[in-house]
Amino acid sequence: CKPLTCRAKALKLKLSEVIMLSFRSLALSAGIAALCAISASAQPVISAKAGTIAKAEGMVYLGDQVVEESLTRFPDIKENGVVRTEVGRAEVLLTPGIVLHLGENSSFRLITNRLIDTRLELLTGSAVVDVEEIAKDTSVTLVCKDGTIAMSKAGHYRFDAEPARIKVFAGIADVQLGVQHMEVTA
């Protein structure tokens, strides 16, 4: 191999190595960016107040405003705010470990949005509340017609506004109807 030819071949080899390393770096960077985007969209929603709309499908309203489906925007419900659905459903985070699933053609009013004392009123339709855990010194109370229901244990509860009724699939609900008090269990 002549010195000039050997040197040209060596430079050509080094240039192809640099191109290959650049391609690998670009592919690795793209892979890392994709993983970061996936994990960012899977982040749990954390709020300092009760009443964060975590998911909305179809026609869901907060007051008179349509709630758009979003992976990054989670509207907060203010005290006395009303959430209603038409042909749609909503998931609302009440407190850590407690989620309300609002059915189609349903509505509720968030009476108080404090984490230690969350109160809401089912106005129309139906809702399911999943209680994974209730933190110490917190309470979640649902008002429906003349009844007040406190969910005191982890469980799965269904509420209907018309006719007013509760179905406990798991857990214990403390129901107050006027002066009458009763526990409803699964």
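Only a predicted model underlies this, so the values are computations on that prediction, with no experimental measurement involved.
- Under the 4.5 Å side-chain contact rule for hydrophobic residues, M151 and F169 do not share a cluster.
- Interatomic distance, OG1 of T148 versus NE2 of H181, reported as 10.5 Å (0.5 Å rounding).
- Taking the side chain as every heavy atom from C-beta outward, V92 and F108 approach each other to under 4.5 Å.
- In summary, K49 and E79 do not engage in a salt bridge, as defined by a charged side-chain N under 4.0 Å from a carboxylate O.
- In this structure, L120 and L94 have side chains that are in contact, with non-hydrogen atoms separated by less than 4.5 Å.
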Q) Going through the distances and angles, do M182 and L177 end up as a side chain to side chain contact (heavy atoms under 4.5 Å, CB included)? A) CA-CA 8 Å; M182 67 190 85; L177 284 169; 4.1 Å; yes
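- In the hydrophobic cluster analysis, where Ile, Leu, Val, Met, Phe, Trp and Tyr join through side-chain heavy atoms closer than 4.5 angstrom, I98 is grouped together with I166.
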(Q) One pair to check against side chain to side chain contact (heavy atoms under 4.5 Å, CB included): L122 and L142. What are the steps and the verdict? (A) CA-CA 7 Å; L122 184 63; L142 188 133; 4.2 Å; yes
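- Of the candidates V67, L102, V87, V60 forms a side-chain contact (heavy atoms from CB on, under 4.5 Å) with just one, namely V67.
- Annotation for K153 and Y157: closest pair O-OH, 2.7 Å, computed over non-hydrogen atoms.
- Taking 4.5 Å as the limit, some side-chain heavy atom of V83 sits within range of a side-chain heavy atom of I77.
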**Q.** From CA spacing to verdict: side chain to side chain contact (heavy atoms under 4.5 Å, CB included), R109, L123
**A.** CA-CA 7 Å; R109 180 173 62 93; L123 302 170; 4.1 Å; yes
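- Between E57 and E69 the shortest heavy-atom distance is CA-OE2, 3.9 Å.
- Pairing each heavy atom of R114 with each of A50, the nearest pair is O-CB, 4.3 Å.
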Sequence neighbours left out, cut at 3.5 Å: what donor-acceptor pairs do the side chains of residues 130-141 make with other protein atoms?
{"unit_1": "D130", "atom_1": "OD1", "unit_2": "H156", "atom_2": "ND1", "d": "2.2"}
{"unit_1": "D130", "atom_1": "OD2", "unit_2": "H101", "atom_2": "NE2", "d": "2.9"}
{"unit_1": "T138", "atom_1": "OG1", "unit_2": "A135", "atom_2": "O", "d": "2.6"}
{"unit_1": "S139", "atom_1": "OG", "unit_2": "D117", "atom_2": "OD1", "d": "3.3"}

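- Closest approach of V168 and I172 over heavy atoms only: CG1-N, 4.5 Å.
- Side-chain contact check for E86 versus E104: every heavy-atom pair is 4.5 Å or farther apart.
- Using a 4.5 Å heavy-atom cutoff, the side chains of E91 and L100 are not in contact.
- Here K78 does not pair with D76 in a salt bridge; the nearest charged N to carboxylate O distance is not below 4.0 Å.
- L62 and L93 are members of different hydrophobic clusters when ILVMFWY side chains are connected at heavy-atom separations under 4.5 Å.
- Separation of atoms CZ (R73) and CD1 (I53) is listed at 9.0 Å; rounding is to 0.5 Å.
- A pairwise comparison of heavy atoms in N105 and T85 identifies N-OG1, 3.1 Å as the closest pair.
- A donor-acceptor contact closer than 3.5 angstrom is absent between the side chains of T118 and T95.
- Taking all atoms of both residues into account, the shortest heavy-atom contact from D160 to C144 is O-SG, 3.6 Å.
- In this structure, the side chain of S126 does not engage the main chain of F159 through any donor-acceptor pair within 3.5 Å.
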